[in-house]
Amino acid sequence: GGYFVVKGTEKVILIQEQLSKNRIIIEIDNKGEVGASVTSSTHERKSRTNIVVKHGKLYLRHNTFTDEIPIMVALKAMGCESDQEAVQMVGPDTAYASLLAPSLLECSALAIFTQQQALEYCGAKVR
């Protein structure tokens, strides 16, 4: 900030930080895990979406959901039903497949195999 006198009147300038809207921000949290977040905004509403890592699995956190959604459930809900297709969308390298493996197993453990099942799962988590 700054303090100035202009024409005998005191003026104060305060610095204000504003995050970019509709831009993906990738950062490392205090546990050393990489996460991604985006603040989306329209004229009517503002929302924040995060991708977080918990116990080696990826989750989607959004302010419209009461709980975190496993990332593979979110991808299936958006129409990406094939596990192979989902992995290829993230990246062609085998490192991505091993990164997504725990999330793929979690999705299978939840018995979510179709877009409809994923949408029902997500619908049950809406606030």
Side-chain angles (χ1 to χ4, degrees):
Y3 176 80
F4 302 92
V5 177
V6 178
K7 296 182 185 176
T9 306
E10 298 173 358
K11 302 286 182 182
V12 178
I13 296 177
L14 298 175
I15 297 173
Q16 182 178 357
E17 182 181 3
Q18 186 172 352
L19 292 175
S20 298
K21 291 177 180 64
N22 303 322
R23 301 260 187 230
I24 298 171
I25 299 170
I26 297 177
E27 48 197 2
I28 299 172
D29 66 9
N30 51 8
K31 296 176 190 165
E33 297 284 358
V34 176
S37 64
V38 64
T39 302
S40 302
S41 120
T42 63
H43 295 296
E44 301 88 39
R45 74 180 52 161
K46 194 170 159 181
S47 69
R48 185 169 174 88
T49 307
N50 296 298
I51 302 293
V52 295
V53 179
K54 273 194 175 177
H55 311 294
K57 299 174 191 163
L58 295 166
Y59 293 93
L60 176 107
R61 189 185 296 155
H62 192 273
N63 55 351
T64 58
F65 294 121
T66 57
D67 203 7
E68 294 165 343
I69 305 291
I71 195 68
M72 288 309 302
V73 174
L75 289 173
K76 285 182 187 280
M78 291 189 283
C80 186
E81 289 188 30
S82 158
D83 294 346
Q84 181 181 359
E85 181 187 359
V87 172
Q88 287 175 345
M89 278 179 35
V90 173
D93 197 294
T94 55
Y96 295 115
S98 58
L99 174 72
L100 287 173
S103 300
L104 289 164
L105 293 172
E106 182 182 23
C107 191
S108 295
L110 291 168
I112 297 174
F113 303 104
T114 66
Q115 182 178 20
Q116 186 61 38
Q117 290 169 327
L119 289 169
E120 288 169 7
Y121 178 90
C122 293
K125 304 275 185 183
V126 174
R127 292 187 195 271

**Message:** Could you check whether atom CZ of Phe65 has more than 12 heavy atoms from other residues, nucleotides or ligands sitting under 6.0 Å from it?
**Reply:** yes
**Message:** Under the salt bridge (charged side-chain N to carboxylate O under 4.0 Å, His left out) definition, can you give me all pairs with a residue in residues 116-127, not counting sequence neighbours?
**Reply:** Asp67-Lys125
**Request:** Look up atom CG in Leu58 and atom CG in Leu60, then write down how far apart they are to the nearest 0.5 Å.
**Result:** 10.5 Å
**Asked** Is there a path from Ile51 to Leu100 through hydrophobic residues (I, L, V, M, F, W, Y) whose side chains come within less than 4.5 Å of each other?
**Response** yes
**Prompt:** Does Ser37 have any side-chain hydrogen bond (donor to acceptor under 3.5 Å, both in side chains) partners at least two apart in sequence or in another chain, and if so, which?
**Reply:** Arg48
**Item:** Distance (rounded to the nearest 0.5 Å) between Leu99 CG and Lys57 NZ
**Value:** 13.0 Å
**Request:** Applying side-chain hydrogen bond (donor to acceptor under 3.5 Å, both in side chains), name anything that partners Thr64, two or more places apart in sequence or on another chain.
**Result:** His62
**Request:** Determine, step by step, whether Leu104 and Val87 satisfy the side chain to side chain contact (heavy atoms under 4.5 Å, CB included) criterion, reporting the C-alpha distance in whole Å, the side-chain angles of both residues, the deciding distance to 0.1 Å, and the verdict.
**Result:** CA-CA 9 Å; Leu104 289 164; Val87 172; 4.1 Å; yes
**Request:** Working to the nearest 0.5 Å, report the span between CG of Leu110 and CE of Met72.
**Result:** 12.0 Å
**Item:** Which atom of Ala77 lies closest to which atom of Ala118, heavy atoms considered
**Value:** N-CB, 3.5 Å
**Message:** Under a 3.5 Å distance rule, please check whether Lys76 uses its side chain to pair with a backbone N or O of Glu81 as donor and acceptor.
**Reply:** yes
**Prompt:** Pairs in or reaching into residues 85-102: which pass salt bridge (charged side-chain N to carboxylate O under 4.0 Å, His left out), with residues at least two apart or in two chains?
**Reply:** none
**Complete:** Note: with side-chain heavy atoms under 4.5 Å as the link, the other cluster members for Leu105 come out as none
**Prompt:** What residue pairs, at least two apart or across chains, pass side-chain hydrogen bond (donor to acceptor under 3.5 Å, both in side chains) with a residue in residues 5-15?
**Reply:** Tyr3-Glu10
**Qualifying residues under side-chain contact (heavy atoms from CB on, under 4.5 Å), relative to Ser108, sequence neighbours excluded** = Phe113
**Prompt:** Considering all heavy atoms of both residues, which atom of Cys122 and which atom of Ile69 are nearest to each other, and what is their separation?
**Reply:** SG-CG2, 4.0 Å
**Request:** Can you see which heavy atom on Ala95 is nearest to which on Ser98, and at what distance?
**Result:** O-OG, 2.9 Å
**Message:** Side chains of Pro70 and Ser103, heavy atoms from C-beta outward: is any pair under 4.5 Å?
**Reply:** no
**Item:** Cluster overlap Val52 with Leu75, hydrophobic side-chain contacts below 4.5 Å
**Value:** no
**Message:** Using the rule that Ile, Leu, Val, Met, Phe, Trp and Tyr join whenever any side-chain heavy atoms are under 4.5 Å apart, tell me whether Val38 and Ile26 fall into a single cluster.
**Reply:** yes
**Prompt:** Can you list the residues that meet the side-chain contact (heavy atoms from CB on, under 4.5 Å) rule with Ala101, with sequence neighbours excluded?
**Reply:** none
**Ile71 with Ile25, same ILVMFWY side-chain cluster at under 4.5 Å** = no
**Qualifying residues under side-chain contact (heavy atoms from CB on, under 4.5 Å), relative to Lys54, sequence neighbours excluded** = Tyr59, Arg61, Glu68
**Set of side-chain contact (heavy atoms from CB on, under 4.5 Å) partners for Ile28, sequence neighbours left out** = Val34
**Request:** Return the set of residues passing side-chain hydrogen bond (donor to acceptor under 3.5 Å, both in side chains) with Gln88 (not counting sequence neighbours), or none when no residue passes.
**Result:** none
**Prompt:** Got more than 12 heavy atoms from elsewhere within 6.0 Å of CD1, Ile24?
**Reply:** no
**Message:** Can you list everything that forms a side-chain hydrogen bond (donor to acceptor under 3.5 Å, both in side chains) with Thr114? Sequence neighbours excluded, please.
**Reply:** Gln117
